[in-house]
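Values reported hereafter were calculated over all heavy atoms of this structure, with side chains retained and with hydrogens, waters and symmetry mates removed. Ligands are counted one by one from 1 in listed order, and the atoms in each one are counted from 1 as well. The chain is numbered in sequence order, starting from 1.
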Amino acid sequence: AKRIVIKVGTSTLMYPNGKPNLQAVDELAFTLSDLVNQGKEVIFVSSGAIGIGLNQLNMNRRPSSIPEQQAVAAIGQSELMTIYNRRFRTYNQQIGQVLLTRDVVDYPESRQNVINTLEQLINMQVVPIINENDSVSVDELDHLTKFGDNDFLSAIVAQLINADLLIMLSDIDGFYSANPTTDPTAVLYQQIHQLDQRLFDQAGGNGSGSQFGTGGMLSKLNAAQLVLANNQKMILANGKHPKIIFDLLEGRNIGTLFS
Ligand code: ADP
């Protein structure tokens with residue numbers, strides 16, 4: 001795989017106590033920068049703005065209203081990019097922020113503009129860091145009715161730039177036959193070629209496992225469905241140690257491969 005979209009969830013970037021996981025952030029910056037040095041084309045989709053914003057504001061949970069959440073996201077997004085800028089600079093890697101709404105694909109002109117921007121950044125060996133533009137879109141925040149946490153957005157990005165692989169890092173080793181945090185008999189799927197209702201049922205609703213995550217497994221399956229429909233590949237793996245990406249790219253069978 002040459003052109004790779006990497007998506008990390010809030011659960012990878014934040015500790016359960018709401019503090020940023022500097023180890024994961026640093027390892028991500030190192031890993032993605034090294035991949036660029038290897039000649040790979042790397043596009044990074046990062047959640048975490050609200051989690052980081054809550055930490056900045058010394059709040060321990062999401063405010064209830066959407067405007068308050070959007071304000072927290074605005075604060076957190078800028079801090080998130082500050083953190084990434086520091087870490088990526090250590091490895092002489094340039095980054096560029098791209099904030100998207102999911103409906104960019106519905107408007108041919110904005111769709112083409114996004115493609116142009118991303119292609120240009122990739123050409124310049126810059127890592128685009130993409131997040132949903134929470135000030136414009138409430139989709140991600142309104143996670144009870146919509147697919148959240150950038151999962152679907154990352155599949156759209158993979159589609160837009162014709163990526164060879166979408167790597168989704170979460171707080172779990174992959175997709176299981178049931179939620180392993182509540183069902184000890186759950187077994188990991190190593191490979192899935194086709195999604196059906198039974199698998200969607202096993203994803204168990206769109207509730208998130210983590211305190212700050214919003215996606216849950218259902219939104220990952222929705223992303224996987226788009227990826228499969230586009231004849232692309234997606235790997236869902238544990239982001240606890242982001243260096244795992246090196247192993248994934250060497251073809252080691254870790255996590256769940258959707259292909
Ligand atoms: P992220 O923040 O990385 O997007 P989420 O917390 O949104 O992660 O989603 C991952 C969580 O989904 C897991 O920690 C787990 O609790 C839950 N989950 C529900 N069903 C499953 C399943 N069948 N296989 C794996 N995880 C599942």
Ligand 1 atoms in contact with [X] (distance to a heavy atom under 4.0 Å):
{"X": "Pro180", "result": "24 (N), 25 (C), 26 (N)"}
{"X": "Thr181", "result": "16 (O)"}
{"X": "Tyr176", "result": "22 (C), 23 (N), 24 (N), 25 (C)"}
{"X": "Lys7", "result": "4 (O)"}
{"X": "Ser11", "result": "1 (P), 2 (O), 3 (O), 8 (O)"}

### Query
Okay, side chain of Gln69, backbone of Pro63: is any donor-acceptor separation there less than 3.5 Å?
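Yes.
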### Query
Is it true that a side-chain atom of Gln94 and a backbone atom of Val126 form a donor plus acceptor pair closer than 3.5 Å?
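No, because the side chain of Gln94 does not come within donor-acceptor range (under 3.5 Å) of the backbone of Val126.
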Would you say the side chains of [X] and [Y] form a donor-acceptor pair under 3.5 Å?
{"X": "Tyr189", "Y": "Ser177", "answer": "no"}
{"X": "Asn116", "Y": "Gln120", "answer": "no"}
{"X": "Gln38", "Y": "Asp34", "answer": "yes"}
{"X": "Asn131", "Y": "Gln77", "answer": "yes"}

### Qualifying residue, where the test is side-chain contact (heavy atoms from CB on, under 4.5 Å) with Ile130 and the options are Asn150, Leu99, Leu100, Val5
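For Ile130, the side-chain contact (heavy atoms from CB on, under 4.5 Å) test succeeds with only one of Asn150, Leu99, Leu100, Val5, which is Leu100.
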Under 4.0 Å from ligand 1, counting heavy atoms only, is it the side chain of [X], its backbone, both or neither?
{"X": "Ala203", "answer": "backbone"}
{"X": "Thr10", "answer": "backbone"}
{"X": "Gln202", "answer": "backbone"}

Looking only at distances, can you tell me whether any N or O atom of [X], backbone or side chain, sits closer than 3.5 Å to an N or O atom of ligand 1?
{"X": "Lys220", "result": "yes"}
{"X": "Asp171", "result": "yes"}
{"X": "Asp151", "result": "no"}

### Task
Counting heavy atoms only, name the option from Ala178, Ala186, Gly239, Ser170 that's nearest to atom 22 (C) of ligand 1.
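The option holding the nearest heavy atom is Ala178.
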### Query
Around Gln125, counting heavy atoms of other residues, nucleotides and ligands shown, do more than 12 lie under 6.0 Å from its CD?
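It does not: Gln125 CD has 12 such atoms or fewer within range.
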#### Entry: Set of side-chain contact (heavy atoms from CB on, under 4.5 Å) partners for Thr101, sequence neighbours left out
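With neighbours one apart ignored, the set is Asp103, Val104, Asn133, Val136, Ser137.
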### Message
So for Gly174, does at least one of its heavy atoms come nearer than 4.0 angstrom to any atom of ligand 1?
### Response
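Under 4.0 Å: yes for Gly174.
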